[in-house]
Each structure stands twice: as C-alpha cells, then as structure tokens.
Amino acid sequence: MHVLRIEHHVASYEGWKQAFDADPIDRAGSGVRRYRILRDSDDPLLVGIDLEFDTREQADAAHAALRELWPRVEGAGLIAGIRSRIDEVVESVELTPRP
C-alpha cells in the first residue's frame, strides 16, 4: 500500500473542506482506498491528508493531478505552503489497549 501525504495551511477549514468534499480529482476513480484528514492540535489551520492507494502508480497519478490543481487553489487563497510525498506502508499494526 502507498500513502500520498499532504500538508498545507488553509485560510478557512470550512471553506477548504467544502472544496475537498467537491472531490475535483475523483478520489474513488483515482484509486483512493481510504483517506484521513488531520488538523494540527495547536494550529487548526494546518491540515494534513493521507490518501491510501493499492499501487505506487495510482499514488503517482493522483499526485500529478493534484499538482495541476494546487496552483489554482493556492492562487485563490484557499491553501498555502503545500508539502507532499508518497510513502510506502511497510507495517501496520492495530493494538488493543490494556485495561
């Protein structure tokens, strides 16, 4: 599994979330299996997104589509300071908390 990790600042979380929910890159059609949205505990305008894919090729294609989209969104003032990378998941363990 591969994860496209994205982090950027948003002008307004609500405005950004509305644009995210509009799904301009067709996440399901791009091969996204699951996604998570994270907000920095100290800076709620710093948003992180993890998009999970079965293959590196799917992650690369979605990353390319986002790179085409980001200049327009950034130019409109919705986001700033974009950082992104693709990671390969090498281990994932879910633990049950002890009583």
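- Annotation: the span from Leu46 atom CG to Tyr13 atom OH amounts to 12.5 Å, rounded to 0.5 Å.
- Looking at Ile82 and Leu66, their side chains never come closer than 4.5 Å, going by heavy atoms from C-beta outward.
- With 3.5 Å as the limit, one finds a donor-acceptor pair spanning the side chains of Asp43 and His9.
- If you take CZ on Arg67 and CG on Asp60, they are separated by 8.5 Å, rounding to the nearest 0.5 Å.
- Here the side chains of Val47 and Phe20 are not in contact, with every heavy-atom distance at 4.5 Å or above.
- Residues Ile37 and Lys17 meet the side-chain proximity criterion, which asks for heavy atoms closer than 4.5 Å.
- The shortest non-hydrogen separation linking Ala65 to Ile25 is CB-CG2, 4.0 Å.
- Within a 6.0 Å sphere centred on CD of Gln18, heavy atoms belonging to other residues, nucleotides or ligands number 12 at most.
- In terms of hydrophobic clustering, with Ile, Leu, Val, Met, Phe, Trp and Tyr side chains grouped at heavy-atom distances under 4.5 Å, Met1 and Ile49 are assigned to different clusters.
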For side chain to side chain contact (heavy atoms under 4.5 Å, CB included), just list the numbers for Phe53 and Val32, CA-CA rounded to whole Å, side-chain angles, deciding distance to a tenth of an Å, and then say yes or no. CA-CA 5 Å; Phe53 300 86; Val32 175; 3.5 Å; yes
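- We find that Arg83 and Glu7 are joined by a salt bridge, their nearest charged nitrogen and carboxylate oxygen being less than 4.0 Å apart.
- Under the 4.5 Å side-chain heavy-atom criterion for grouping Ile, Leu, Val, Met, Phe, Trp and Tyr, Trp70 is connected to Leu45 within one hydrophobic cluster.
- Linking Ile, Leu, Val, Met, Phe, Trp and Tyr whenever their side-chain heavy atoms come within less than 4.5 Å leaves Val10 and Leu38 in two separate clusters.
- Side chain of Ser84 to main chain of His63: no donor-acceptor pair is present (N/O by atom type, distance under 3.5 Å, no hydrogens or angles).
- The CZ atom of Arg85 sits 10.0 Å away from the CG atom of Leu4 when rounded to the nearest 0.5 Å.
- Remark: Ile79 CD1 to Ile6 CD1 distance equals 9.0 Å, nearest 0.5 Å.
- Counting heavy atoms of neighbouring residues, nucleotides and ligands inside a 6.0 Å radius, atom CZ of Arg33 does not exceed 12 of them.
- Side chain of Arg39 to backbone of Pro44: a donor-acceptor contact under 3.5 angstrom is found.
- The shortest distance between side-chain heavy atoms of Tyr35 and Asp50 does not fall below 4.5 Å.
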